[in-house]
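Numbers here are sequence positions counted from 1.
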Amino acid sequence: MKKSPVFLFGLFLSFGILHAQTTAWVRGIVTDSITTNSIPGATIYINQNTGVLSGKNGEFKLGLKAGSYLLQVRYMGYTPRKQFINLKT
């Protein structure tokens with residue numbers, strides 16, 4: 001049976017709030033859960049419509065308004081990862 005690698009981004013997910021603005025920043029690093037290698041080019045979606053690609057070191061950053069979101073990470077050959085997040089200002 002072939003095991004499908006999964007994303008490990010929850011441990012690296014951090015939330016930052018800029019107090020002068022109403023933008024909450026979601027930052028993280030997308031990595032392989034087995035090898036811990038970063039995964040460049042992974043797609044990070046918010047509520048299935050807004051998204052960014054992870055950079056060359058697997059890093060990503062999204063600026064969002066306060067609220068609840070479904071964060072999804074996808075990359076070909078990997079099991080998609082979903083995480084509900086709640087951002088406050």
Side-chain angles (χ1 to χ4, degrees):
M1 176 191 310
K2 182 182 173 190
K3 290 186 180 179
S4 186
V6 295
F7 293 110
L8 176 65
F9 74 94
L11 295 177
F12 301 105
L13 193 62
S14 63
F15 304 102
I17 307 283
L18 296 177
H19 296 287
Q21 300 177 4
T22 59
T23 302
W25 293 96
V26 179
R27 300 179 201 198
I29 301 173
V30 181
T31 60
D32 183 293
S33 65
I34 297 170
T35 66
T36 68
N37 292 334
S38 62
I39 301 176
T43 306
I44 299 90
Y45 290 103
I46 295 295
N47 296 340
Q48 298 183 349
N49 57 13
T50 302
V52 296
L53 293 176
S54 60
K56 67 179 180 177
N57 296 319
E59 298 174 349
F60 68 91
K61 180 178 175 182
L62 283 164
L64 302 167
K65 294 181 181 179
S68 297
Y69 299 94
L70 174 61
L71 180 75
Q72 298 180 70
V73 181
R74 295 180 185 167
Y75 190 75
M76 185 181 285
Y78 286 80
T79 302
R81 175 74 188 247
K82 297 178 182 181
Q83 175 87 36
F84 284 99
I85 58 173
N86 188 21
L87 303 176
K88 298 178 183 178
T89 56

message = Between Phe60 and Val30, is the side-chain contact (heavy atoms from CB on, under 4.5 Å) condition met? List the steps.
response = CA-CA 8 Å; Phe60 68 91; Val30 181; 4.0 Å; yes

inquiry  = Using the rule given for side-chain contact (heavy atoms from CB on, under 4.5 Å), can you reason through Lys65 versus Thr23, listing the C-alpha separation, both sets of side-chain angles and the distance that settles it, and then say yes or no?
reply    = CA-CA 5 Å; Lys65 294 181 181 179; Thr23 302; over 6 Å; no

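Contact between Pro80 and Arg74 at its shortest, heavy atoms only, is CB-CG, 4.1 Å.
Taking hydrophobic clusters as Ile, Leu, Val, Met, Phe, Trp and Tyr residues chained together by side-chain heavy-atom distances below 4.5 Å, Ile46 shares a cluster with Leu87. Linking Ile, Leu, Val, Met, Phe, Trp and Tyr residues whenever their side-chain heavy atoms come within less than 4.5 Å leaves Leu71 and Tyr45 in two separate clusters.
Note that CD of Glu59 is 10.0 Å distant from CZ of Arg27, once rounded to the nearest 0.5 Å. Taken from CD1 in Ile85 to CG in Leu64, the straight-line distance is 6.0 Å, to the nearest 0.5 Å. Note: Thr31 OG1 to Asn57 CG = 12.0 Å, rounded to the nearest 0.5 Å. Going from atom CG of Leu53 over to atom OG1 of Thr43 covers 5.0 Å, rounded to the nearest 0.5 Å.
Checked by atom type and distance alone, the side chain of Ser54 pairs as donor or acceptor with a backbone atom of Gly41 at under 3.5 Å. Looking at Asp32, its side chain never comes within 3.5 Å of a backbone N or O of Asn37 through a donor-acceptor pair.
Between the side chains of Asn86 and Tyr69, no donor N or O sits under 3.5 Å from an acceptor N or O.
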